[in-house]
Amino acid sequence: MNVFRTAAVTAATAVLTVASLSAATAAPAPAPAPAPEFLAAKELPASQTPWTASKVKEGVADDFCTGKIAPKSSSTYRTFRTELDTGAHQTVTVAATGARAKALVGKLRSSVEDCLGKLKKEYPGLKGTSRYQGKVSVEEGAYVYSIDTADPKSGSDDIRLYSVGRDGKTVTVIGWGRLGDLDGVPLKGFKKTTRTAVAKLR
């Protein structure tokens, strides 16, 4: 009788184990993390004509200063434009850890800081000034830069603004540009746009 009782208990235990495994297998997978929220067209600095926004796409925005820094596989981007030679873009990268995100911010900042020198090598004769325009206090912080260039050959002036910010494991870089120089550029509005963009990150 003890043998049969032991066998019965063993069989019952096996049934419970199989049932537990089945329940575990049938458990729903955790929901994926929500995608980072991008800027809307209306959140760009004020312009003489309205901004329009593209759909969010996989990869990184095409940009001479920052386009090769963030990994494409973990990045998405959106572009913006107006009717008067003014454009902008935002790239968002979700890193594996906060430490990697912090390192990416450092690489992006260095790339922007070194960009004027690279532009001068690419376009001999180009004149320009690069400036750090200060930090925006939002989440882990955001950093703003301007690059003002003039091409004596063509007589054209261009001004670009960049910002790099982070919230935890998520990093964003924003580029804004138009014809002209630093005078009259909506720097205050760009910093407001940067603050809004970083606050939207997850």
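Each residue takes its place number in the sequence, starting with 1. Not measured: the values here are computed from a predicted model.
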**Study point:** Side-chain donor or acceptor of Lys191 paired with backbone N/O of Gln133 under 3.5 Å
**Key:** yes
Shared ILVMFWY cluster between Val164 and Val198, side chains joined below 4.5 angstrom?
no
When rounded to the nearest 0.5 Å, the distance separating CG of Leu179 from CG of Asp157 is 8.5 Å
d(Lys169 NZ, Ser74 OG) to nearest 0.5 Å is 11.0 Å
Pairwise side-chain contact, Ser163 with Val136, heavy-atom cut-off 4.5 Å (strictly under) = no
For this session: Indicate yes or no: at least one non-hydrogen side-chain atom of Leu182 is less than 4.5 angstrom from one of Arg131.
Result: yes
Worksheet entry | Side chains of Arg166 and Lys102 in contact at under 4.5 Å (non-hydrogen atoms) | yes
Notebook entry, point to check: With side chains defined as the heavy atoms from C-beta onward, is the minimum distance between Asp181 and Ile159 less than 4.5 Å?
Noted result: no
Heavy-atom nearest pair, Gly141 first then Lys135, reads CA-CE, 3.9 Å
| task | Show the numbers, then the answer: is there a side-chain contact (heavy atoms from CB on, under 4.5 Å) between Lys118 and Phe64? | result | CA-CA 9 Å; Lys118 295 177 182 178; Phe64 184 87; 3.8 Å; yes
Nearest heavy-atom contact between Arg195 and Ser137 is NE-O, 4.1 Å
Here the pair of heavy atoms bringing Gly168 nearest to Ala101 is O-CB, 3.5 Å
Between Ser75 and Thr93 the two heavy atoms that sit nearest each other are OG-OG1, 2.7 Å
Only residue of Leu201, Val171, Thr170 satisfying side-chain contact (heavy atoms from CB on, under 4.5 Å) with Val94 is Thr170
When rounded to the nearest 0.5 Å, the distance separating CG of Asp63 from CD1 of Ile174 is 12.5 Å
Notebook entry, point to check: Going by atom types only, do Glu113 and Tyr145 share a side-chain donor-acceptor pair under 3.5 Å?
Noted result: yes
Does Arg109 reach the main-chain N or O of Tyr143 with its side chain, forming a donor-acceptor pair under 3.5 Å?
no
*Over 60° means perpendicular and under 30° means parallel, so classify the ring planes of Trp51 and Phe80, tilted if in between.*
perpendicular
Checking Thr86 against Ser47: is there a side-chain donor and acceptor pair closer than 3.5 Å? no
Next item on the list: Would you kindly confirm whether Val92 and Leu104 end up in one hydrophobic cluster when ILVMFWY residues are joined by side chain heavy atoms under 4.5 Å apart?
Entry: no
Exercise for review: Taking only Lys NZ, Arg NE, NH1 and NH2, and the carboxylate oxygens of Asp or Glu, determine whether Glu43 and Lys200 approach each other closer than 4.0 Å.
Suggested key: yes
Would Leu116 end up clustered with Leu108 when hydrophobic side chains under 4.5 Å apart are linked, directly or stepwise?
-> yes
Is Thr193 reaching over with its side chain to a backbone N or O of Gly189, donor-acceptor style, under 3.5 angstrom?
yes
Under a 4.5 Å cut-off applied to non-hydrogen side-chain atoms, are Ile147 and Tyr162 in contact?
yes
Rounding to 0.5 Å, atoms CD (Gln48) and OG1 (Thr82) come to a distance of 8.5 Å
To the nearest 0.5 Å, atom OG1 of Thr149 lies from atom CG of Asp158 at 4.5 Å
Rounded to the nearest 0.5 angstrom, the OG-NZ distance for Ser130 and Lys120 is 9.5 Å
Worksheet item: Heavy-atom distance under 4.5 Å between the side chains of Phe38 and Thr76, does that happen here?
Response: yes
Decide yes or no on side-chain contact (heavy atoms from CB on, under 4.5 Å) for Arg81 and Thr52, but give the supporting numbers first. CA-CA 6 Å; Arg81 66 181 181 85; Thr52 57; 3.5 Å; yes
Is there a side-chain contact between Thr91 and Thr172 in this structure, where contact means two heavy atoms from C-beta onward sitting under 4.5 Å apart? no
ILVMFWY network linking Leu44 to Phe190, side-chain heavy atoms under 4.5 angstrom
yes
Find out whether Leu161 and Val144 are in side-chain contact, i.e. whether some heavy atom of one side chain is under 4.5 Å from a heavy atom of the other.
-> no
- prompt: Can you tell me if Arg78 uses its side chain to pair, donor with acceptor, with the backbone of Ser54 under 3.5 Å?
  reply: yes
Of all heavy-atom pairs linking Val60 and Lys72, the shortest is CG2-CG, 4.1 Å
